[in-house]
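Notes to accompany the following structure.
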Amino acid sequence: MISNQEKKADIVILISGGGSNLQSFIDACNRGVLDGRIAAVISNKANVKGLERAKIANIPSFIVDHNTFPTRDAFDLELATVVNMFKPDLVILAGFMRILTASFVNQYVGRMINIHPSVLPAYPGLNTHQRAIDAKDTIAGATVHFVTPELDGGPPVLQATVPIEKQDTAELLGARVLNVEHKIYPIVAQWFCQGRLTLRHNKVFHDGVEIDEKGLLFKDK
Ligand code: GRF
């Protein structure tokens, strides 16, 4: 929760690639529907489109290239140093494709969120869309969740679903899911910035009410 209601929440966003989710936060800030300020963008990869998006939006960006560190611990230590420079109220993983160590994650429990392109607990990990198609599922989707040391295992906050069409490829389905990601992720960030979202003893509270372990379900108008 943000202690001083006058102050906008400071947000640090971690990316690894295209940054379309990052863009949805930039757009939400510009539209005045996110009461936060993106203080910095950090990428573990150079030359990715997300870094260009940050530059265009005049957001300071940093590259912490995991390839230049001897161990995961050493990378996470440097990553935390850069994140902590901004004293963020909220850390957002937006397509950040590195597994984070428990000692990194534990610094941010309750103030770090991630989006995963499946309806968790189904399909944690990679290749979610192909796995859903191969399993002949009829529904796919995305989940915004608090981050805990368990990979894609933190408590869900908000889920959105999309249909899987007969002719779907992973690419087609991925684009459909990405479209709903861009809707639900800024909503959750805004709830957090407004102090409406808290994590207590691994349970999510929205407006003071404990939510179901699957998270809330997004309903598009
Ligand atoms: C999204 O599908 C997100 O759920 C997953 O990686 C993708 C990132 O896309 N973790 P982008 O970089 O935000 O465009």
Side-chain angles (χ1 to χ4, degrees), residues 11-30 34 36 38 40-57 59 61-66 79 90-100 104-105 108 112-133 137 139-164 168-190 214-215 217-218 220:
I11 300 172
V12 168
I13 302 186
L14 308 192
I15 63 166
S16 299
S20 67
N21 279 291
L22 164 64
Q23 190 65 53
S24 73
F25 293 115
I26 294 170
D27 295 344
C29 286
N30 289 340
L34 180 54
I38 306 173
V41 169
I42 307 170
S43 175
N44 67 309
K45 286 189 178 171
N47 303 317
V48 293
K49 190 167 174 190
L51 287 169
E52 271 175 48
R53 296 180 192 270
K55 191 174 177 194
I56 290 167
I59 300 166
S61 64
F62 301 82
I63 299 162
V64 184
D65 181 347
H66 59 279
L79 187 62
L90 176 64
V91 178
I92 295 180
L93 306 182
F96 184 72
M97 301 304 283
R98 294 289 298 169
I99 293 174
L100 293 162
F104 179 92
V105 171
Y108 307 105
M112 179 156 70
I113 54 176
N114 180 44
I115 192 157
H116 182 74
S118 78
V119 186
L120 288 169
Y123 310 120
L126 298 173
N127 302 320
T128 53
H129 305 310
Q130 193 57 54
R131 285 155 72 200
I133 291 169
D137 291 354
I139 285 179
T143 305
V144 181
H145 64 95
F146 276 106
V147 179
T148 61
E150 189 194 341
L151 179 68
D152 301 327
V157 177
L158 186 60
Q159 299 195 309
T161 60
V162 298
I164 301 182
D168 263 345
T169 59
E171 205 178 22
L172 282 171
L173 178 57
R176 197 175 306 124
V177 171
L178 209 48
N179 187 43
V180 292
E181 291 186 34
H182 300 156
K183 294 180 181 171
I184 64 174
Y185 214 0
I187 290 175
V188 173
Q190 173 65 343
K214 290 207 73 166
L217 184 62
F218 173 71
D220 215 348

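One-based numbering, in listed order, for ligands and for the atoms of each.
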For a side chain to side chain contact (heavy atoms under 4.5 Å, CB included) with I164, tell me which candidate from V177, L172, L173 qualifies.
-> L173

Partners passing side chain to side chain contact (heavy atoms under 4.5 Å, CB included) against N127 (at least two apart in sequence or in another chain) = R131

Quick one: list whatever passes salt bridge (charged side-chain N to carboxylate O under 4.0 Å, His left out) with D168, sequence neighbours left out.
-> R176

Give a yes-or-no answer on whether the side chains of H182 and S20 include a donor-acceptor pair shorter than 3.5 Å.
-> yes

Between S43 and the options L14, L51, I13, the side chain to side chain contact (heavy atoms under 4.5 Å, CB included) test singles out L51

Sequence neighbours excluded, the answer for ring pair (Phe, Tyr, Trp, His ring centres under 6.0 Å) partners of F25 is Y185

So which residues, sorted by chain and number, lie with a heavy atom under 4.0 Å of ligand 1?
-> G18, G19, S20, N21, G95, I115, P117, L178, E181

